[in-house]
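A short write-up of the structure that comes next.
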Amino acid sequence: MKVKSGDFVMPGDVLGVSEQFLPDEWTYDDEGYIKSAIIGNVSINNSNKKISVVPSRGNPNVLHLGDIVYGQITDVRGQRALIDVQGMKDNDRQLALPYMAAIHISQVKKGYLEKLTDAFRIGDVIEAKVSRIMGDNLDLNTSDKESGVVKAMCTRCRAFMIPTEKRDELYCEVCDRKERRKVSSEYDY
Ligand SMILES: [Zn+2]
């Protein structure tokens, strides 16, 4: 554990030990461990060894209904795909919580989807809209045109695939094969 000035920290994060630093603004000594009291960025004064945390500007990045997020598919099982949420679209600030999310098969696209694996595969990067929030658990929806897979690898050779002229279809140039996905209009290739 080695923090430096500018590091993003959360309440309770250990910043160092009391032999290294003196707690200052928004930090405290908890039985020899210097911890952060708030969400913010570490500031270390090297001359007097005081360590403080500068509160994040504005609100911490808590998600709201309708927000657009990026994430990676971690599992596709039966009726649900699971997503590790990595950040908000058009917003560089870190999320306040390590959000986990799911997409139900009925929320993937307009119209009927027979198999969830025709829309998502493990490792796909997706863009999706937040449709339900339960603490750090989210439900997402990808039925909008811009939502869906923005980057995907071939399930056989792991090369990045490119969209075809057909809707919701990707092509692997290495294997000369096509795969189905719910492809976003913002697919990145
Ligand atoms: Zn391939």
Side-chain angles (χ1 to χ4, degrees), residues 1-2 4 6-10 13 41 60-189:
M1 157 203 62
K2 201 165 161 72
K4 54 186 190 310
D7 283 357
F8 179 84
V9 293
M10 310 256 280
D13 280 0
N41 298 91
N61 228 347
V62 175
L63 292 172
H64 298 95
L65 286 179
D67 283 346
I68 307 294
V69 295
Y70 286 116
Q72 193 162 27
I73 303 286
T74 58
D75 201 4
V76 181
R77 201 177 291 168
Q79 307 284 295
R80 271 157 46 105
L82 301 183
I83 301 97
D84 178 16
V85 177
Q86 292 165 341
M88 262 176 93
K89 190 180 183 185
D90 302 326
N91 190 326
D92 292 336
R93 279 186 298 153
Q94 297 211 32
L95 296 172
L97 297 168
Y99 287 102
M100 286 301 297
I103 302 180
H104 187 262
I105 192 166
S106 64
Q107 304 298 306
V108 174
K109 59 192 281 187
K110 297 187 174 83
Y112 179 67
L113 176 66
E114 192 185 341
K115 298 199 307 283
L116 199 49
T117 48
D118 282 344
F120 304 120
R121 294 298 187 110
I122 291 171
D124 288 354
V125 178
I126 66 158
E127 178 178 324
K129 186 184 276 183
V130 177
S131 58
R132 188 160 174 253
I133 303 175
M134 301 139 285
D136 59 357
N137 264 277
L138 309 174
D139 282 346
L140 303 179
N141 179 299
T142 55
S143 60
D144 287 347
K145 199 163 137 288
E146 305 76 38
S147 292
V149 175
V150 292
K151 195 149 204 157
M153 290 186 292
C154 169
T155 57
R156 186 182 290 172
C157 77
R158 310 310 288 167
F160 286 111
M161 293 191 293
I162 55 172
T164 72
E165 67 288 346
K166 259 176 82 182
R167 199 171 147 184
D168 291 339
E169 188 179 73
L170 297 173
Y171 176 66
C172 174
E173 293 174 305
V174 180
C175 304
D176 188 24
R177 294 171 56 240
K178 290 166 182 170
E179 292 187 9
R180 298 196 58 75
R181 294 290 198 283
K182 199 297 179 178
V183 180
S184 160
S185 62
E186 301 188 350
Y187 191 87
D188 177 26
Y189 62 97

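Read the numbers this way: they start at 1 and go in the same order the structure lists the ligands and their atoms. Below, each value reflects all heavy atoms present in this structure, side chains not excepted, and no hydrogens, waters or symmetry copies.
- Under a cutoff of 6.0 Å and an axis angle of 45°, Lys151 and Phe160 form a cation-pi pair.
- In Arg132, the CZ atom is not crowded: 12 or fewer heavy atoms of neighbouring residues, nucleotides or ligands sit closer than 6.0 Å.
- A salt bridge between Lys89 and Glu186 is present, with a side-chain N of the basic residue lying under 4.0 Å from a carboxylate O of the acidic one.
- Looking at heavy atoms from C-beta onward, Gln107 lies out of side-chain contact with Leu140 at the 4.5 angstrom threshold.
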Residues Asp124, Arg121; criterion salt bridge (charged side-chain N to carboxylate O under 4.0 Å, His left out); working and verdict: CA-CA 6 Å; Asp124 288 354; Arg121 294 298 187 110; over 6 Å; no

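- The number of heavy-atom neighbours closer than 6.0 Å to CZ of Arg80, taken from other residues, nucleotides and ligands shown, is 12 or below.
- Counting only distances under 2.8 Å, and ignoring water, the protein N, O or S atoms around the Zn ion (ligand 1) are Cys154 SG, Cys157 SG, Cys172 SG, Cys175 SG.
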